[in-house]
Trainee: 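Questions regarding the structure given below will be posed in turn.
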Amino acid sequence: MMSISPVVAVEKIGAPVLGFTERWGASVIFLYHAICAIFRPPFRFYLFLVQMLQIGTHSTLVVALIGLFTGAVMAVQGEYTLSKFGATAFTGSAVALSLIRELGPVLTALMVVGRAGSAITAEIGIMRITEQIDALRSMAVDPIKYLMAPRILAGIVAMPLLCCIFIVVGIFGGYVVGVGLLGLSAGTFVSQMVTAVDTFDVVSGVVKAVVFGFIFGWVSCYKGFTCGYGAMGVNRATTGSVVTSSVAVLVVDYFLTSILTRVFLQ
Amino acid sequence: MISVEGVHKSFGRQIVLDGVSLQVQPHEILAVVGPSGVGKSVLLKLIMGILQPDRGCITIKGESICEACSEGRRNKIRACCGVLFQSAALFDSLTVFDNIAFPLREEKHLPRDEVNQRVLDMLEALSLKKYAFRYPEQLSMGIRKRVGMARALVREPEIFLFDEPNTGLDPMDGQEVYELINDCRKKWKFAGLVISHEIPEVFQVSDRVAMLWNGKVVEEGPPAQLIKSTNPIVQQFLKGKTDGPIRIQ
Ligand SMILES: Nc1ncnc2c1ncn2[C@@H]1O[C@H](COP(=O)(O)OP(=O)(O)O)[C@@H](O)[C@H]1O
Ligand SMILES: [Mg+2]
């Protein structure tokens, strides 16, 4: 059997650990600078609006479309499941609760990550490899303030707004399918929904959307900013950005749900 | 104006600069030549404080850019430097006009009328008027470099750094860029550093030449001295031979 010297073994374990720590450290330092930049004047309202347009407005249609069909599917599934307990009257509340608490924030976030996150990473990555970011610095303009801060802020603001659109359109989709196609009573659908949903559900949905918007902005900008050489570098950065954001959204979702439920139920 | 002393820089295991020292006097243009990948662009980024050297010291007009601990201090030093990047590095979401106006708006925060006036003057001076409202992707590389120069010149730099000003240009456009540099130099009287691998063309804009190889300056002096040098590395590079001390890996 081949023996491995302890030094080599420690090196083998140590190198990835060090690399991991270093990357995490760098991304947190990046985030710290970005947050400072958001609160440091001068405030560039125009740059923020441009990003709201790119991230928010341009995603509205696709988010609404997904919301509509998610709501519709939830109505069909909810009606089927609840019919086993003879409780189809609760379809409205089932649709609304699942959309508001879970599906709205998560699906909106995944959609925005796929659409706008990859675009942000590719855009900033190309600016990096074509030396545009170096050019900014050579002209004494802070690229984090000029490029990253408006994008991260726009992510934080746009995500909950898109999420609300998703939920409203989703409930509409659920209503159309539930009441129009499955023959549920319109009055019961709405009244059950209104009694079942309380402020906490809405607040937790919005809090999730804000956190997801923050993760989305942070990851997309950081991946673009640290993009490697050439077309391959942009390729890796973009893929990495979408994968990291999506996984992070789902992981954080679990913890956030647990924490929020604990906090509000006490 | 610029003084680089004993600068070392490596990326991971790869040593790029290994003790480089250079001086640029006021109103002088120094050409830094050397084969691709020796770290000429890295040297330029070190001078601009975009990268940090591992060891050594770089001062611009007597102020050390490496020891300037905050970005704010570095920005003060950078304010007198203009850069023309290798691929011009124009902002592709902005028109030519806005690209040139960018440093005046974002760095110097000048009032709108003055910005417009100065940009128009600059467009006129570099005969770029008809391109004012085009986007960088609609321009040829030669025009892009011209715009890149305009964007740097509008800041009225005392020091101008050129990274391979004629890479990606045909010989005619390349010659035009050199003539442009000479014209601008007469008008704006900057000192500078020209990075290039094009010899002897680059000699027409430079007062002195330094050759970089293997992380070190192997020869430095006026162009005539470089041409007469007995150093085999310099001779091989000048003649563009493939056999000699410079190996193509
Ligand atoms: N940010 C960086 N990270 C890692 N390696 C780099 C970086 N910038 C440059 N290098 C390496 O430094 C060497 C010199 O690059 P460069 O200065 O661009 O060469 P050139 O003399 O052609 O301008 C190259 O081998 C390149 O791989
Ligand atoms: Mg280069």
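Numbers restart at 1 for each chain; the letters A, B, ... are given by sequence-line order, proteins then strands. No experiment lies behind these values; they were computed from the predicted model shown.
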Trainee: So which part of Ile133(A) gets closer than 4.5 Å to some heavy atom of chain B, the side chain, the backbone, both or neither?
Mentor: neither

Trainee: Does the side chain of Asp134(A) come within less than 4.5 Å of Met48(B)'s, by heavy atoms?
Mentor: no

Trainee: Counting neighbours of CD on Glu137(B) that are heavy atoms of other residues, nucleotides or ligands and sit closer than 6.0 Å, is the number greater than 12?
Mentor: yes

Trainee: Report, as yes or no, whether the 6.0 Å neighbourhood of atom CZ on Phe172(A) holds more than 12 heavy atoms from other residues, nucleotides or ligands.
Mentor: no

Trainee: Quick check on Leu161(B) against chain A: is it the side chain, the backbone, both or neither that has a heavy atom closer than 4.5 Å?
Mentor: neither

Trainee: Give a yes or no on this: more than 12 heavy atoms of other residues, nucleotides or ligands lie within 6.0 Å of atom CZ of Phe69(A).
Mentor: no

Trainee: If you draw a 6.0 Å radius around NE2 in His58(A), do more than 12 non-hydrogen atoms from other residues or ligands fall strictly inside?
Mentor: yes

Trainee: Take a 6.0 Å sphere around CZ of Arg55(B) and say whether it holds more than 12 heavy atoms from other residues, nucleotides or ligands.
Mentor: no

Trainee: Does atom OH of Tyr32(A) have more than 12 heavy-atom neighbours, drawn from other residues, nucleotides or ligands, at distances under 6.0 Å?
Mentor: no

Trainee: Could you tell me which of Gln86(B), His109(B), Lys45(B), Lys76(B) has the largest number of non-hydrogen atom pairs under 4.5 Å with chain A?
Mentor: Lys45(B)

Trainee: Do Glu106(B) and Met139(A) make a side-chain contact, defined as non-hydrogen atoms from C-beta onward lying under 4.5 Å apart?
Mentor: no

Trainee: Tell me whether the centres of the aromatic rings in Tyr146(A) and Phe91(B) are closer together than 6.0 Å.
Mentor: no

Trainee: Please give me the minimum heavy-atom distance between Ala140(A) and Glu107(B), naming the atom from each residue.
Mentor: CB-OE2, 3.6 Å

Trainee: Rounded to the nearest 0.5 Å, how far does CZ of Arg137(A) lie from CG of Asn75(B)?
Mentor: 8.5 Å

Trainee: Where does Lys108(B) contact chain A at under 4.5 Å (heavy atoms): side chain, backbone, both or neither?
Mentor: neither

Trainee: If you round to the nearest 0.5 Å, how far is OG of Ser138(A) from CZ of Arg151(B)?
Mentor: 7.0 Å

Trainee: When only pairs under 4.5 Å are counted, which of Gly82(B), Ser93(B), Gly49(B), Pro103(B) shares the most heavy-atom pairs with chain A?
Mentor: Pro103(B)

Trainee: Does a side-chain heavy-atom distance below 4.5 Å link Phe85(B) with Thr130(A)?
Mentor: no

